[in-house]
Number of protein chains: 4
Amino acid sequence: MDILAEKKKAIFESTLELIKENGFHGTPMSMVAKKACVACGTIYHYFDSKDTLIAELYAYVKKQMADAMFEGDDEQKEFKDRFYHLILSHCRFYIKHPNTLYFIEQYINSPYNNREPVKDNEQFQHRMWDFLKQGIDTGVLKPMNIHLLGILIHSHVVTTAKLYFSQRVKINEEDFPNIVQVIWDGVKNHSD
Amino acid sequence: MDILAEKKKAIFESTLELIKENGFHGTPMSMVAKKACVACGTIYHYFDSKDTLIAELYAYVKKQMADAMFEGDDEQKEFKDRFYHLILSHCRFYIKHPNTLYFIEQYINSPYNNREPVKDNEQFQHRMWDFLKQGIDTGVLKPMNIHLLGILIHSHVVTTAKLYFSQRVKINEEDFPNIVQVIWDGVKNHSD
Amino acid sequence: MDILAEKKKAIFESTLELIKENGFHGTPMSMVAKKACVACGTIYHYFDSKDTLIAELYAYVKKQMADAMFEGDDEQKEFKDRFYHLILSHCRFYIKHPNTLYFIEQYINSPYNNREPVKDNEQFQHRMWDFLKQGIDTGVLKPMNIHLLGILIHSHVVTTAKLYFSQRVKINEEDFPNIVQVIWDGVKNHSD
Amino acid sequence: MDILAEKKKAIFESTLELIKENGFHGTPMSMVAKKACVACGTIYHYFDSKDTLIAELYAYVKKQMADAMFEGDDEQKEFKDRFYHLILSHCRFYIKHPNTLYFIEQYINSPYNNREPVKDNEQFQHRMWDFLKQGIDTGVLKPMNIHLLGILIHSHVVTTAKLYFSQRVKINEEDFPNIVQVIWDGVKNHSD
DNA sequence: AATGAATGAGTTTTCATTCAT
DNA sequence: GATGAATGAAAACTCATTCAT
């Protein structure tokens, strides 16, 4: 799985880009084939069906995201610093990979999402949950369900990244810390 | 526009429900027709195309949402109370209308979104922006771009409503105030 | 039949124009209705079906053409002069009524033509046949089947009129006598 | 272009025959597919749309016609003999290929004709024009615009071929020379 | 007589998938 | 493994015709 066949990777990347542009249903397999410079039938050597391709692509980008997110995380640092670092890394990942951002958003909100849960690569999430749990246990974060917390934070990140690309509200990377402060103030425990 | 032809309304409601279940492309016009108890061709009497139907449906639900949101808002009350009331109304609207929730989420993240902007009913947004501006001017909220603020808040609401229906994290209406507190603490001005 | 109801005439004229522009199948009944400023159903008061409308329209224009053609014909004149007069009248009729020209040409070459022969208004043709027979009997025209002769002559007229409207070969009314001379030289008896 | 894929040719021939029988709009793609023994989608492998299919079919038959017409033409022969030979070849081509005859006639008189001019294969026409020019230059033909002359002659041929198949006027191949004489007498220069 | 909303069979076209090469 | 022509079910959309008003 680590060393993907060149072809397979080409198919993934083509699909990612085309879906961002045209959506799932504006992206026929023939178009993927052409962009990936393979034959139609070749895609079916690697993937059972279009659904499978998309589900596997989801896992593929999820893994990439996880790898990027915790890079540079330093467990020695203060919690707040680590929090800011993680959030900003996450934002920057989406900004570097808009295809991934839009693909994931479409995927999550489509009926694909509930078809076959594809054994979500939970490693990434577990690491996040551990981090959040530590924040709660040490009294830095509000005492809440960590899954709920994780999702609220992620939603904040996605919204920020989407705004970065939107035409209506123009923000840039310098605005990020202020935006992160919103979620930080939101989740931190103010009682102390 | 207020008194929609019965047929048109039936088409809207059928589409809304079917799209929630099956997505845009899992919802052929023939299926909409059957559910709305009209002939295929009748839909095309009211809408030029499937795209048009969906775009108009978006405007239709947006308006319903706007109407519901500010109901019961009391300008005499304290800002924080009004904030909580608005957020909770918004959450409850989505919870009462899951079809609308999922439709909007799919729509926003689909290529439909950027096709024909359909003169977004901005009235609702303007009222929200005025409210937020007042919060900033009186020093209650962080001094930020109100559009950005509005979107962050809305994203928080949507995430909450989606969690309500999710299988993975089980929350219920009693948890809402805590969740609202996260966004309130996030946007409020802590400098005082 | 002589005094057509206004509505019926409006339907005829609208159909004629639309078919010239868009052809039979680019001209839906709804379009005819709109252009004639009547309701869809109204057309069906006057005509059983689209096929009937078109067949009756064909008879309608055929009659108009016959009426125009022999106008000004003077039986006292010499045969050649009458021939030139008839041909030129015919050409000018088509040039004044291009909608009719193109409608007839489409009709004749379409499968409509052989469906229900609509008791072709043969009066016009009989008068022509009589004229040609007289030409043959007096030795002015080649001794040929008069039906054949009639059709060859008519085809020449139609071709001339179509050329008048074509972009590729630009002719105008001054060229007509020369063109008529071609058919005259063709059908006249050179043996004398 | 010379060696057409078998499938493509089958589609062409099926379309030609069906359109003769039923006209453009009485000939759905599914019917073409069935007659050509291919799947519906296969047609769209070779042609972008029904319009394209028909436009390309027009070019296809035009080329066949051109190839047939000048076969056996002997430049050493006298002009009149060559003229008769060319006209008779043309007539016989249409009589051998009635599908082509009726298809062309429908095409020319339909709105298809003016859509996309499909780079008319003008080679055939140029050869004809050269021939006519020579006739004029040597004083055999009337001094007229050669394009006009060409069209008048072609119209005469088409009319003759259509009569051959008509029920109303019964002619056969023996009548052809007499009919050709009409157009020959029409176009020849009688001044000498 | 006139209307025009409603019908639904029929049309063009698309596209995930297969399979002979 | 790789190809891409071929498949055909299913989709969006059209339009002649009807019928309640």
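Below, chains carry the letters A, B, ... as their sequence lines are ordered, and counting in each starts from 1. All heavy atoms count here, side chains included; hydrogens, waters and symmetry mates do not.
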Side chain of [X], heavy atoms from C-beta onward: which of [options] has the nearest atom to it?
{"X": "D/His45", "options": "F/dA6, F/dT14, E/dT3", "answer": "F/dA6"}
{"X": "C/Cys40", "options": "E/dG4, F/dT3, F/dA16", "answer": "E/dG4"}
{"X": "D/Lys50", "options": "E/dA16, E/dG4, E/dT13", "answer": "E/dT13"}
{"X": "B/Pro28", "options": "F/dA11, F/dT7, F/dT3", "answer": "F/dA11"}
{"X": "C/Tyr46", "options": "E/dC15, E/dA2, E/dA6", "answer": "E/dA2"}
{"X": "B/Tyr44", "options": "F/dT14, E/dC15, E/dT12", "answer": "F/dT14"}

Taking the six-membered ring for Trp, is the centroid-to-centroid distance between B/Phe12 and B/Phe47 below 6.0 Å?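 When the ring centroids of B/Phe12 and B/Phe47 are compared, they turn out to be within the sub-6.0 Å range.
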So, does C/Thr42 get its side chain near the phosphate of E/dT3, meaning an N or O under 4.0 Å from OP1 or OP2?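 For E/dT3, OP1/OP2 do have a side-chain N/O of C/Thr42 under 4.0 Å.
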If I take atom OG1 from residue C/Thr100 and atom CD from residue C/Glu105, how far apart are they, to the nearest 0.5 angstrom?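 C/Thr100 OG1 to C/Glu105 CD: 12.0 Å, rounded to 0.5 Å.
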Approximate separation, where rounding is to 0.5 Å, of D/Glu13 CD and D/Leu57 CG: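 D/Glu13 CD to D/Leu57 CG: 8.0 Å, rounded to 0.5 Å.
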Which whole-number value in Å describes the distance from D/Lys7 NZ to F/dT7 P?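 Between P of F/dT7 and NZ of D/Lys7: 5 Å.
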Just the rounded figure in Å: distance from C1' of E/dG8 to CD1 of B/Ile43.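 Checked: the CD1 to C1' distance equals 12 Å.
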What does A/Phe47 touch in the nucleic acid at a heavy-atom separation under 4.0 angstrom: a base, only the sugar-phosphate, or nothing?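 A/Phe47: no heavy atom of the nucleic acid under 4.0 Å.
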Nucleotide-level pairing of DNA chain F, given in dot-bracket where Watson-Crick and G-U pairs need both distances under 3.5 Å and | marks other strands: .||||||||||||||||||||
Heavy-atom side-chain proximity of A/Lys9 to A/Tyr60 below 4.5 angstrom: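 When only atoms from C-beta onward are counted, A/Tyr60 and A/Lys9 do touch, with a gap below 4.5 Å.
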Do other residues, nucleotides or ligands put more than 12 heavy atoms under 6.0 Å from A/Asp48 CG?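 No, the 6.0 Å shell around CG holds no more than 12 heavy atoms from other groups.
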